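Encoded as structure tokens, the structure appears first; notes follow it.
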Amino acid sequence: VKVKIPFGKKYLDAIFSVPEKKSTYGVILTHGAGGDMNFPHLLSLAAHLASHGVLCLRFTCKGLNVAYRTKAFKTVVEYLKLSDDYKLYGVFLAGRSMGSRAAASLIRQLSQNDDDDDDFIRGLICLSYPLHRPKLQSKLRDEDLLLIRCPVLFVSGSADEMCEKHLLESVASKMKAPKKIHWIDKANHGMAVKGRTTDDVMEEINTQVFSWLRENVELDHK
């Protein structure tokens, strides 16, 4: 279901992947610095979640500024929260690369609002979180992660040039939030693995995301 979400004087293009049965939880998904909501990994994950009873709303926001992307993410969260068509108990924010930075930034902002007493946001899913620029391991983008309290899932490639394995594990050990890291063996930042098909890698990612969601909420298939 295609929708246009008002954002300032513009609109954000978004698409709902709707399960056959009414879902109680949803995932809001966005892309990295390049591409849009039709990036193959996002399409695959949205279809997988919807086929397993989880509503998925993915959206495009082309800005390359994290603050701008975070603002757009907030608009989409509020849109879904107020939606009459889809009444959800809670959502998980998910993003690929820069999109996961925007999701983390938004969750941190919301958790610092004293009036934020609702638990609509249930967790964060980071696909290829860009912990540092390539070859710039001294500057970590970890400030939001260290302040988040809700459950976090990282799915990263063990050969990701923007997320060295030992650095992410070190950041995770300092995080206050319940967290889990799933390493895709030998995958780079784009989740490509020599000798494996894209579909095969995406299936591994999708399975991990769904099983983690199931651990964190009661997903009823009634």
Side-chain angles (χ1 to χ4, degrees), residues 14-21 23-32 35 37-59 73 76-77 80 86 88-104 106-107 120-131 145 148 150-158 160 162-163 165 168-169 172 175 177-193 196-221:
I15 292 181
F16 279 103
S17 299
V18 186
E20 283 180 17
K21 292 174 183 161
S23 67
T24 45
Y25 290 95
V27 171
I28 301 177
L29 189 54
T30 194
H31 55 90
M37 64 182 171
N38 294 319
F39 187 74
H41 291 193
L42 304 193
L43 281 172
S44 173
L45 180 57
H48 183 84
L49 292 174
S51 71
H52 287 76
V54 179
L55 179 80
C56 191
L57 171 59
R58 60 185 204 281
F59 72 95
F73 217 131
V76 177
V77 171
L80 185 54
Y86 309 104
L88 300 174
Y89 295 146
V91 295
F92 290 82
L93 305 192
R96 197 193 161 275
S97 192
M98 189 187 191
S100 65
R101 277 185 74 197
L106 174 59
I107 290 179
F120 189 62
I121 292 177
R122 295 299 178 95
L124 169 65
I125 299 162
C126 298
L127 308 173
S128 296
Y129 187 84
L131 188 58
L145 299 176
I148 286 174
C150 66
V152 183
L153 171 68
F154 295 97
V155 180
S156 283
S158 67
D160 186 340
M162 295 178 74
C163 185
K165 198 165 184 245
L168 182 60
E169 283 172 346
M175 286 170 62
K179 68 274 169 185
K180 179 179 178 183
I181 307 176
H182 179 77
W183 294 106
I184 305 283
D185 193 37
K186 299 188 180 70
N188 64 10
H189 189 64
M191 291 292 187
V193 183
R196 286 183 72 183
T197 63
T198 310
D199 286 351
D200 184 40
V201 175
M202 288 197 292
E203 193 176 325
E204 182 181 341
I205 295 169
N206 298 346
T207 305
Q208 284 298 322
V209 170
F210 181 69
S211 68
W212 178 83
L213 284 175
R214 236 182 11 201
E215 285 163 26
N216 282 283
V217 287
E218 291 300 313
L219 293 172
D220 33 62
H221 295 288

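Just so we're clear, the structure is a prediction, and the values are computed from it rather than from any experiment. For reference, positions follow the sequence shown, starting with 1.
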Check your understanding: Checking side chain to side chain contact (heavy atoms under 4.5 Å, CB included) for the pair Ile125/Leu45: CA distance, chi angles, key distance, verdict?
Key -> CA-CA 12 Å; Ile125 299 162; Leu45 180 57; 5.6 Å; no

**Study point:** side chain to side chain contact (heavy atoms under 4.5 Å, CB included) assessment of Val27 paired with Val91
**Key:** CA-CA 5 Å; Val27 171; Val91 295; over 6 Å; no

Practice item. Let me see the working for Phe73 and Leu93 under side chain to side chain contact (heavy atoms under 4.5 Å, CB included), right down to the final yes or no. Key: CA-CA 9 Å; Phe73 217 131; Leu93 305 192; 3.7 Å; yes

Practice item. Could you check Leu49 against Tyr25 for side chain to side chain contact (heavy atoms under 4.5 Å, CB included), going step by step and ending with a plain yes or no? Key: CA-CA 10 Å; Leu49 292 174; Tyr25 290 95; over 6 Å; no

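Using a 4.5 Å heavy-atom cutoff, the side chains of Leu80 and Phe16 are in contact. Two residues are said to be in side-chain contact when any heavy atoms from C-beta on lie closer than 4.5 Å; Leu168 and Asp160 fail this criterion. Using a 4.5 Å heavy-atom threshold, the side chains of Tyr86 and Leu57 count as separate. Leu42 is listed as a side-chain neighbour of His31, based on a closest heavy-atom distance under 4.5 Å.
Considering only residues two or more places apart in sequence or on other chains, Ala187 meets the side chain to side chain contact (heavy atoms under 4.5 Å, CB included) condition with Ile184, Met191, Val193. Not counting sequence neighbours, Arg96 has no partner by the side-chain hydrogen bond (donor to acceptor under 3.5 Å, both in side chains) test. Residues passing the side chain to side chain contact (heavy atoms under 4.5 Å, CB included) test with Pro19, sequence neighbours excluded: Ser23, Leu55. Judged as a side-chain hydrogen bond (donor to acceptor under 3.5 Å, both in side chains), and not counting sequence neighbours, the contacts of Asn38 are Arg58. The ring pair (Phe, Tyr, Trp, His ring centres under 6.0 Å) search around Trp212 returns Phe92, not counting sequence neighbours. Residues satisfying the side-chain hydrogen bond (donor to acceptor under 3.5 Å, both in side chains) test with Glu169, not counting sequence neighbours, are Trp183. Checked against side chain to side chain contact (heavy atoms under 4.5 Å, CB included), Thr198 has the following partners two or more places apart in sequence or in another chain: His41, Met202. Under the ring pair (Phe, Tyr, Trp, His ring centres under 6.0 Å) criterion, His189 pairs with no residue, sequence neighbours left out. Partners of Arg101 by side-chain hydrogen bond (donor to acceptor under 3.5 Å, both in side chains), not counting sequence neighbours: none found. For Asp200, the salt bridge (Lys or Arg N to Asp or Glu O under 4.0 Å) criterion is met by Arg196, not counting sequence neighbours.
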With a 3.5 Å cut-off and sequence neighbours excluded, list the donor-acceptor pairs that the side chains of residues 150-158 form with protein atoms.
residue : atom : partner : partner atom : Å
Ser158  : OG   : Lys186  : N            : 2.7

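Nearest heavy atoms, Ile181 versus Ala172: CD1-CB, 3.8 Å. The two residues Ala177 and Ile148 have their closest heavy-atom pair at CB-O, 3.3 Å. Residue Ser100 comes nearest to Leu124 through the heavy atom pair O-CD1, 4.4 Å, listed as atom of the first residue, atom of the second, then distance.
Residue Leu29 holds its CG atom at 11.5 Å from CD1 of Ile15, rounded to the nearest 0.5 Å. Atom-to-atom distance recorded for Ser51:OG and Asn206:CG is 8.5 Å, nearest 0.5 angstrom.
A distance-only check finds no donor-acceptor pair linking the side chain of Ser44 to the backbone of Pro40 [under 3.5 Å].
Surrounding CD of Glu203 are at most 12 heavy atoms belonging to other residues, nucleotides or ligands under 6.0 Å away.
Ring centroid separation for the pair Phe210 and His52 comes in under the 6.0 Å cut-off.
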